[in-house]
Every structure is written in structure tokens, then in C-alpha cells.
Amino acid sequence: MSATLPTRSAHPEDTAERAARPARHLAALDGLRAVAVLLVLGYHADPDRFPGGFVGVDVFFVLSGFLITALILREMNEHGRVALRRFWARRIRRLAPALLVMVAVTSSITLAVGNDTGAGLRSQVIGALTWTSNWIQIHEGWSYADASVPPLLNHLWSLGIEEQFYLLWPVLILGLLTVARRAVAQRVVAVLALVSVGLMAFWYLTADPTRAYMGLDSHAFGLLLGATVALGTAPHLLRDGFAAAAEKVRYTALGAVGLVAIVVYALVVEWDSQVTFLGGLALVNLATVGLVLAAANPTPIARFLGWSPLRWVGERSYGIYLWHWPLIVFATRLMPAEHRVVAGWAAVLIAVPVAALSYRFVELPLRRDGARATLTRWAAQVRGDDRVYRARRARPLAIAGLAVLLTASTALWKAPSESDVEAALREGQRAVSASIEASDETPEASAPTEAPPPAPDACRAVDAHEAVSAFGDSVTVAVAPALLERRPGSSAVAVVGWQYGDVAAAVREAAAQDQLRPTVLIATGTNGEIDQADLDALVANELADRQVGLVAPYVPGRSWSDQSLAAARAVAEAHANVHLIDWNALASQHPEITGTDQVHPTGHGQGVFVDQVGQALAIC
């Protein structure tokens, strides 16, 4: 199967393309791949220090769009057609073997590690093998930013977007070039990139961040911007040689600005920030275009990116990307939560040599020689010349391969559909929703009719069965079933992922509508810092005539843990009507009452949490 385009020899762009020198490997582009993967490693291993390191994926996208389009154009102009089957076969040969090995090995390891590392594995593997991980994650509702119990193959969403682009793009660009000249095609592709930017903002505002981030339609702008560069007249070695001296200065400046912008973004902007979805990520993709042009020409930026250690990492960047995330998941589940950063970097250090082995024995041979020649050579190496020696070499290899396949199959068969934390949050969210519906339908029935609220700042003991108004994040969601059962007539307003500001806004809204019970429970600080001044004002004003149970958050290993804990304790000490529920001390002393993420109470821990609430509120 191939696509043939009409010849337009009179057009100057076509004439220049036909005179293009043969494509050569650009060392600086390997260095750029290294920069991209290092940013991703930093984000996944130490997200507090590199909150915007996820931008490394977009650097990959821009570079991939540029290279794929440039190579399609070169083949089209040198041969007058593009062999689409060969194009797709090369992509599969480049990406599939290392992916299959990683999926099989890491699936097997879940049996040994346990701790819910295999939760949802079947759907993840289906997504990996069909390059649809992004859409499966959107359908399953997995949040990209959820660090509690992240899926083992969560990182393969980006491969899904790339492979879907590789499948569609050759057909689209060849069809576009059939009816329009390159200059027109470039403008059309630039408009498509702008549409994709708009779709990311649209889905963010109308759906959720994960849909906006992982959809091909809303995250294709980096790939399309790279394609726009390849379609343009900017010189690069893959097209028509080097830039002139004056242009080198301009590309050097663009590359320097782009590199600085990428690094600043990686150090400053968080994934769930509005900046990311409302144009910020698009701007940093645009900055990456300048860096790509600088890398594709003989500039000082290209010489820096061509530094041999960067090139070494860049050549193995695909394998590093494949292996680092599952190893981080394993490491963080095996080590205490307070050492999550150390565990993350340790996993990265292991991923590099593993990726080097993958590159040496899987990726490079298959890319260079093809699957048939590589498998034939492997078979010959196993057979050897001596029958005894052959048996000694073949047996361990065959046993190892069979063991991996069997354990991977067993892991898929035994894998639960969700983790214990996910199950607890699902049940908790159901209880929260039922509580809200009951309050909306019969608000008067849930209002307490006993004693009137105490005077401001007065403390009183709260009965163990007295109804409360609970507000919080995922911890409140997790304990909602036990809390609502133990304290009939209570209500709960909580959402997974809520920050302190969301919780405070919900409390103020309920206070304004006179929907607060005499006792209010607040559990926040799981996902970020607590605004101590605002919490103090909330207690002193909207909650002045209420008894307040304030939970001391337990989020080991998170950068905001100490601040949130200190804020909760300080506010509790400053107000007589605030009862501190020291969940932090209890959970840290009894790790068995929290789930695999060591944050959310599940099972027995939910009852312990509610008991702690009752004990704290009863003390005056």
C-alpha cells in the first residue's frame, strides 16, 4: 500500500526538496530526547521539586511531529510516493518489541510485590497492546495527577497518542498535499494545532483535566506544531541543509529562549494549574519549536545537546520512559511513604541500566535487522555448534522466557479490577452522594432538634451519636460510610482531589444557606497546604457558634505535610470550640489502618477513624 502525489516540478519548494541531501542522524536531536526524558523522570520521582516536569512529554511530541513529517516529505520527494505499509511497519518494529517485553516482565513482578500493584492490570495491558491507553484511562476515570495508588502502566497514555497520530497523520498529510501546496498545507496544519489548543481548554472547562490532557484531539498540538515546522521553509539537515550564518544566530536565540522556558515551566507550573490547560502548555510547545530548530542546525545549542552523555541517554530514552514508571510504582509501594522521593530516584537509577539492556538486545537489533533476521540470529546463538553447550545455553533461556509468560498470564488472571483504596473511595462517594440527595429531599428531617447551638467559643462534649456536617477531601469520602452509619442524620460534602480552598468554600456555602448542624467535621490537607489564616477566619466567623472537629491530616512523604499539620494544630489550639482529631498520630503509629497508599483508611481503619472522631468531640 502506497500513496502517490502529483509532481509539481515548477514549484521552487519541490525543486529544493528534490535536491535535498540524504538524511543523516542528528546527534543534537538525541540530546533533546534526553532533556525530555530527564524532565519526565524528575516529575515522576520528585514532583514537588519538578512540578512541571510533565512538559517533557510535550517536548517528545513536538520532536516526533517534526521528524515523522520531515521523513514523510523526504520519502515523497525522493520516490514520488510514500509506502504507507512500510511506514507503519517501521513504527511498530521501533516501538512494539520493547513495549511487549516491559509489559510482560512488569506484569509478572506484580505477583511478587503485591500491594495492589496489579489492580486494573487487565484493562491497562489491553490499552498497552492496542495503543489506546489514553482513552481507556479517560473511560476508567483515572486521574493523571493521582499519586495515591497510580496504575502500573499509567504512563503509556502518551504512547497511545503518538501511535494514533502515526496511524492517521500520513494519510491526512498526503491527502492534504494532494490538493494543496506545502505553504497552504502548513497553514492548515497550524490552524489544526490551534484548534487542538482550544479543545484542551474546552474539555478542561466542561469535562475534567484528564479528558483534556489525554485526548488525542486536545493534546495533538505539539505533534502538529512539529509537523508545521517540517512543512515550512526553515532550513534543517533533514530538508535542505544548514542555516546561513545570520539564521544561526536567530535559531540560537530561539533555542536558548525555548530551553529556558521549558526549564522554568518544569520548575514552576503544576499539572493541575489552569495555566497548563488554558494556553500555558501550548506556549511551552511553541517554545519547543525554537529549540527543535536550534537542534536541527549547527548552533551552539546543537553542540550542547550533542554532548555524548546526553546522546547516550537520548538514544535509550524510549526504554527509560517505558521502564521508569512501573519501577517507581513498585519502589514506592515497598518503601514507607515518607521515603517516596528516595524510592522514586532509586527506581530511576535501576531503570537506566534496564533500558540500556533493552536497547542493546531488543530495540537495536530489531530496528537494524528486522524481526525475522533478529529471531534467526537469536536461534543460531542458542543452538551453537556443540550439542551439549547448546543445551546448556538454550535451557535457561527457554525456562526464563516461559516463566515470564506464565507469571504474566497468572498476574493478569488474578489482577483485581480496582485497588482497595479505589474500592473504598467508590463506596464512600456513593455514600456521600446519597447523603446529599437525602439532605436536598428532606432538609428539615436532618436538622437537629435537641439543644440549641452553644455560645461562641464555648466548648461542649458532643454525644457519640449526634449528627454532624462533614466536609473534606478523599479522606472524608473514604470514611463517609462508617461516619454516616454511626451518626444517623449526618451529611457529608466531599470530593476526591479537593484542596483546602474547595473545602472552605463548601463550608461557607452551607453556612450561608443555614445548612450546618451544631457540629461540623472538617478533614482537609490531603492534597495540598492548608491556608491557616483563612481556616482561622472560617472558625472565628462562619463556625463561631458550632463545635468543630478538625482532622490533623496524615500525608507522609508529601511536601505540604508539615505545613498542613501545623496549621490544623495551631487553629485547634486557638479556639475553644475546635476539637483536634489527631488522625496523623494514630495513622503514623498504626500503618495497618490505612490502605496501600498509606493515606486513606480502608476497612477496619474507617471504624478506627470514626472512633477517633467520637473520642475527640467528647472531650471538653
Side-chain angles (χ1 to χ4, degrees), residues 33 36-37 40-41 44 56-57 60-61 63-64 67-68 87-110 117-118 120-137 142 144 150-168 214 216 223 313-330 347-348 350-372 374-375 378 400-401 403-409 411-412 415:
R33 290 188 181 93
V37 78
V40 175
L41 295 178
H44 285 156
V57 171
F60 276 124
F61 282 172
L63 183 57
S64 296
L67 288 173
I68 289 300
F87 170 86
W88 289 320
R90 286 197 301 265
R91 302 282 75 73
I92 293 174
R93 190 171 66 189
R94 168 71 177 86
L95 300 175
L99 174 67
L100 292 174
V101 172
M102 183 277 293
V103 169
V105 173
T106 55
S107 297
S108 302
I109 295 175
T110 61
T117 52
L121 187 60
R122 285 187 292 272
S123 61
Q124 294 175 54
V125 170
I126 291 173
L129 299 183
T130 59
W131 282 300
T132 57
S133 293
N134 57 324
W135 296 114
I136 287 179
Q137 291 181 39
W142 296 333
Y144 180 67
L152 183 71
L153 305 179
N154 199 32
H155 63 315
L156 298 184
W157 69 270
S158 63
L159 289 185
I161 287 181
E162 282 206 31
E163 282 303 299
Q164 291 156 32
F165 181 81
Y166 292 160
L167 177 64
L168 299 174
M214 292 189 175
L216 172 64
L223 292 156
V313 173
E315 288 171 346
R316 293 153 184 82
S317 59
Y318 177 58
I320 293 173
Y321 185 84
L322 284 180
W323 284 95
H324 84 282
W325 178 251
L327 293 178
I328 287 177
V329 171
F330 292 140
V348 167
I350 296 173
V352 172
V354 172
L357 291 173
S358 173
Y359 180 77
R360 169 67 178 82
F361 294 106
V362 179
E363 297 175 55
L364 196 59
L366 286 165
R367 190 192 316 171
R368 182 187 59 218
D369 304 325
R372 181 178 300 176
T374 300
L375 293 174
W378 286 350
V404 169
L405 290 175
L406 288 176
T407 51
S409 300
L412 289 173

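Quick caveat: nothing in here was measured; it's all calculated off a predicted structure. One is the number of the first residue; the rest follow in order along the sequence. Just so it is clear, the values below take in all heavy atoms, side chains as well, and ignore hydrogens, waters and symmetry mates.
Ser358 contributes no side-chain N or O that, together with a main-chain N or O of Val354, makes up a donor-acceptor pair within less than 3.5 Å. In this structure, the side chain of Ser64 does not engage the main chain of Phe61 through any donor-acceptor pair within 3.5 Å. With hydrogens and angles disregarded, no donor-acceptor distance shorter than 3.5 Å links the side chain of Trp135 to the backbone of Met214. Side-chain atoms of Thr110 come within 3.5 Å of backbone atoms of Ser107 as a donor-acceptor pair (strictly under, hydrogens ignored).
Within the 4.5 Å cutoff, side-chain heavy atoms of Leu99 are placed close to those of Leu156. Side-chain contact between His44 and Val348 is absent, with no heavy-atom pair separated by less than 4.5 Å. No side-chain heavy atom of Phe60 sits under 4.5 Å from any side-chain heavy atom of Ser158. For the pair Asn134/Gln164, a side-chain contact is recorded, criterion being any heavy-atom separation below 4.5 Å from C-beta on. With a 4.5 Å cut-off on side-chain heavy atoms, Val362 and Leu357 do not count as touching. For the pair Trp325 and Val40, the minimum side-chain heavy-atom distance is 4.5 Å or more. Using a 4.5 Å cut-off on side-chain heavy atoms (C-beta onward), Trp323 and Val101 make contact. Counting only heavy atoms from C-beta outward, the side chains of Leu167 and Trp131 never approach each other to under 4.5 Å.
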For His324 and Ile328, what are the C-alpha separation, side-chain angles and deciding distance, and is it a side-chain contact (heavy atoms from CB on, under 4.5 Å)? CA-CA 6 Å; His324 84 282; Ile328 287 177; 3.8 Å; yes
Decide side-chain contact (heavy atoms from CB on, under 4.5 Å) for Asn154 and Val329; before the verdict, give the C-alpha distance in whole Å, the side-chain angles of both, and the deciding distance to 0.1 Å. CA-CA 10 Å; Asn154 199 32; Val329 171; over 6 Å; no
Tell me, with the steps shown, if Ile109 and Thr117 meet side-chain contact (heavy atoms from CB on, under 4.5 Å). CA-CA 9 Å; Ile109 295 175; Thr117 52; over 6 Å; no
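Atom CG of Leu168 sits about 11.0 Å away from atom CD of Glu163, to the nearest 0.5 Å. The OG1 atom of Thr132 lies 12.0 Å from the CD1 atom of Ile161; values are rounded to the nearest 0.5 Å. In this structure, Leu67 CG and Leu223 CG are separated by 11.0 Å, a value rounded to the nearest 0.5 Å. In this structure, CG on Leu153 lies 5.5 Å from OG1 on Thr106, to the nearest 0.5 angstrom.
Contact check on Glu363 versus Arg94 returns a salt bridge, with a Lys/Arg side-chain nitrogen under 4.0 Å from an Asp/Glu carboxylate oxygen.
Scanning both residues, Tyr359 and Glu315, for their nearest heavy atoms gives CE1-O, 3.3 Å. Heavy atoms only, all atoms of each residue included: Ser108 and Val404 are closest at OG-O, 3.0 Å. Nearest approach of Gly319 to Ala355, heavy atoms of both residues: C-CB, 3.4 Å. Shown here for Leu159 and Tyr318, the closest heavy-atom pair between the two residues is CD2-CE1, 3.8 Å. Residues Ala415 and Gly118 approach most closely at CB-O, 3.1 Å, considering heavy atoms. Here the closest heavy-atom approach between residue Leu152 and residue Gln124 is recorded as N-OE1, 3.1 Å.
Evaluation of the salt bridge (Lys or Arg N to Asp or Glu O under 4.0 Å) rule for Arg91 yields no partner, not counting sequence neighbours. With sequence neighbours excluded, the residues forming a side-chain contact (heavy atoms from CB on, under 4.5 Å) with Leu412 are Leu121, Arg122, Val125, listed by chain and number.
Classified by interplanar angle (parallel below 30°, tilted 30° to 60°, perpendicular above 60°), the ring pair Tyr321/His155 is tilted.
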